2 protein chains.
Amino acid sequence: MEVQRNSFRYLFADTVKALFKQSARELANAGIQILPEQHFLLHLIASKEETIQSDLAEMIHKDKSAVMRHIDQLESMGYLIRVNDTTDRRKKHLVITEAGKDIMKQCQEVIDVVTERNLVGITEEELEVFTKVLIKLKQNSEK
Amino acid sequence: MEVQRNSFRYLFADTVKALFKQSARELANAGIQILPEQHFLLHLIASKEETIQSDLAEMIHKDKSAVMRHIDQLESMGYLIRVNDTTDRRKKHLVITEAGKDIMKQCQEVIDVVTERNLVGITEEELEVFTKVLIKLKQNSEK
DNA sequence: TTTGAATCGTTGATTTTGTCAACTATTTTT
DNA sequence: AAAAATAGTTGACAAAATCAACGATTCAAA
C-alpha cells in the first residue's frame with residue numbers, strides 16, 4: 001500500500017467529508033435541524049464552566065464572526081442564551097437551555113449510532129492508535 | 001483520555017483543516033499557484049491510465065461541476081489538456097502536460113517537507129494503522 | 001429500429017461557509 | 001488621562017460547493 005506520506009492527507013480529508021455528510025444526513029433524517037458543527041459548539045459550551053464567543057472562535061480556529069452566526073442560529077432556535085457578564089460588560093456567557101440539553105441528547109443518540117456503524121471492523125487498539133496519531137497531527141500542525 | 005467516540009470527529013475535522021491550510025500556505029510561499037486539492041486531482045489523474053471528469057467527481061465526492069471548475073483552472077494554467085475520446089464523443093480524457101508533470105514535482109517537494117513536519121513523533125507503524133483506519137472509516141461511511 | 005433512459009460535460013443560479021475590515025462599547029495598560 | 005487591547009456585532013466580500021437545467025451523445029428496451 002502506497003497511500004502513506006504521499007497522499008494520506010487527501011484520504012484524510014475525503015474521509016472527514018464523508019463522515020460529516022453522513023451524520024448531517026442522519027440528523028436531518030431524524031428531523032433534527034442542527035448542523036454537526038453546531039452540535040459540536042453545544043458540546044464545547046457544555047463541557048466548560050464558562051464560555052464566551054471568542055473562546056469558541058479560538059477553539060475551532062474560525063473567525064469570531066463565523067462563530068457569531070452559529071450562535072445566533074442556536075439562540076434563535078432556543079438552544080442557548082447569551083447572558084451578560086456582571087463584572088465585564090463586554091462579555092456574554094453562553095448558557096445552554098433545557099431545549100438545548102434536549103437537542104444535544106437527541107443528537108448524541110443519532111451520532112452514537114452513526115459512529116458505531118462507522119467503527120465497524122476497527123478494533124479498540126486501532127482506534128486508540130488512530131486518536132493518538134490524530135492528536136499528534138494536530139499538535140504538529142499548530143507549531 | 002475521553003476524546004473517543006464522542007468528539008473524535010471534530011478533532012478529526014479540525015486537524016484536516018489545519019493541515020490543508022498549512023500546505024496551501026507553504027505552496028503559496030513557494031510561489032506555486034495551485035491548491036492542495038488541485039494537486040490531488042493531478043495526482044489522481046496521473047495515477048490512472050485514463051481519467052475522465054465524472055470519475056474524478058466520484059472519487060473526491062464532489063459535484064461534477066465543482067470538478068469541472070478545478071479542471072478549467074488547471075487547463076488554463078497549462079497543466080493538463082482535455083482530449084476527446086475517439087469512440088465515445090461525450091467523454092474527454094484528462095492528460096497531464098509536461099508543465100503539469102513539472103508542477104507536480106514542485107508541489108511534491110513542498111508537500112513532502114510539510115508532511116515530514118506533520119508526522120514528527122509518529123512512527124511508521126502508527127501511520128500504517130492510521131491509514132488503515134481511515135480507509136475503513138471511509139468504506140463504512142459509504143455504505 | 002425507433003423511443004426513452006442514462007451519461008458526460010457544461011453553465012448559471014444559489015447556498016453555504018468563511019474571511020476581512022470597520023465600528024461601538026468596554027476594559028486594561030501605560 | 002490617553003492609548004491599546006478585548007468582546008461582540010455587522011456588512012461587504014470571497015471561496016467553494018450544490019442544484020437544476022441543458023445539449024450532445026450513447027445505451028437499452030420495446
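Keep in mind it's a predicted model, so treat the numbers as computed, not measured. Naming: A, B, ... by sequence-line order, numbering from 1 per chain.
- Residues B:Lys91 and A:Asp63 each lie close to DNA chain C; by heavy-atom proximity, the contact nearer the 5' end of the strand is made by B:Lys91.
- Here C:dT26 presents its P atom at 10 Å from CZ of A:Arg90, a figure rounded to the nearest Å.
- Residues A:Glu37 and A:Lys62 are paired through a salt bridge, judged by an N-O separation under 4.0 Å between the basic side chain and the carboxylate.
- Closest approach to the B:Asp72 side chain among D:dA7, C:dC20, C:dT11 is made by C:dT11 (side chain taken as heavy atoms from C-beta onward).
- For the pair B:Ile34 CD1 and D:dA16 P, the interatomic distance rounds to 13 Å; values are reported in whole Å.
- Set against D:dT26, D:dA7, C:dT26, the side chain of A:Arg89 has C:dT26 as its closest nucleotide.
- Going from atom CG of A:Leu56 over to atom P of D:dA7 covers 12 Å, rounded to whole Å.
- Residue B:Ser54 places at least one side-chain N or O under 4.0 Å from the OP1 or OP2 atom of C:dC8.
- For A:Arg82 and A:Asp72, the salt-bridge test passes: some basic side-chain N is under 4.0 Å from an acidic carboxylate O.
- A residue-by-residue look at A:Leu35 and B:Asp55 shows that B:Asp55 has its nearest nucleotide of DNA chain C further toward the 5' end.
- Here A:Phe12 and B:Phe130 bring their ring centres to under 6.0 angstrom of each other.
- In this structure, A:Phe20 atom CZ and D:dA17 atom P are separated by 16 Å, rounded to whole Å.
- Note on A:Lys92: only backbone sugar-phosphate atoms sit closer than 4.0 angstrom, heavy atoms only; bases stay farther off.
- For A:Arg82, taking side-chain heavy atoms from C-beta onward, the closest of the listed nucleotides D:dA17, D:dT9, C:dT19 is D:dT9.
- Regarding A:Phe40, its CZ atom lies at a distance of 17 Å from the C1' atom of C:dT17, rounded to whole Å.
- Contact annotation for A:His93: no contact, since no heavy-atom pair falls under 4.0 Å across all strands.
- When distances run from any side-chain atom of A:Lys17 to the nucleotides D:dA17, C:dA22, C:dC8, the shortest one goes to D:dA17.
- D:dA16 atom C1' lies 11 Å from atom CD1 of B:Ile60, rounded to whole Å.
- A donor-acceptor pair is defined here as one N or O able to donate and one able to accept, closer than 3.5 Å; no such pair exists between the side chain of A:Lys91 and the backbone of A:Ile52.
- Side-chain N/O atoms of A:Lys21 include none lying less than 4.0 angstrom from OP1 or OP2 on C:dT16.
- Residue B:Gln53 places its side chain closer to C:dG9 than to any other of D:dA17, C:dG9, D:dC19.
- Distance, A:Gln73 CD to C:dT17 C1': 11 Å, rounded to whole Å.
- Nearest to the side chain of A:His70, among C:dT11, C:dT10, C:dG18, sits C:dG18.
- Residue-level contact check: B:Asp88 touches the backbone only, with heavy atoms under 4.0 Å from sugar-phosphate atoms and none from bases.
- Taking the side chain of A:Lys62 as heavy atoms from C-beta on, and the options D:dG8, C:dT10, C:dG18, the nearest nucleotide is C:dG18.
- Proximity of B:Ser65 to the phosphate of C:dG12: no side-chain N or O atom is located under 4.0 Å from OP1 or OP2.
- Remark: B:Arg69 does not engage B:Asp63 in a salt bridge, criterion side-chain N to carboxylate O under 4.0 Å.
- When rounded to the nearest whole Å, the span between CG of B:Leu80 and P of C:dG9 equals 13 Å.
- Here the nucleotide nearest the side chain of B:Arg69, chosen from C:dC8, D:dG8, C:dG12, is C:dG12.
- A salt bridge is defined here as a Lys NZ or Arg NE, NH1 or NH2 lying under 4.0 Å from an Asp or Glu carboxylate O, and B:Glu26 with B:Arg117 meets this definition.
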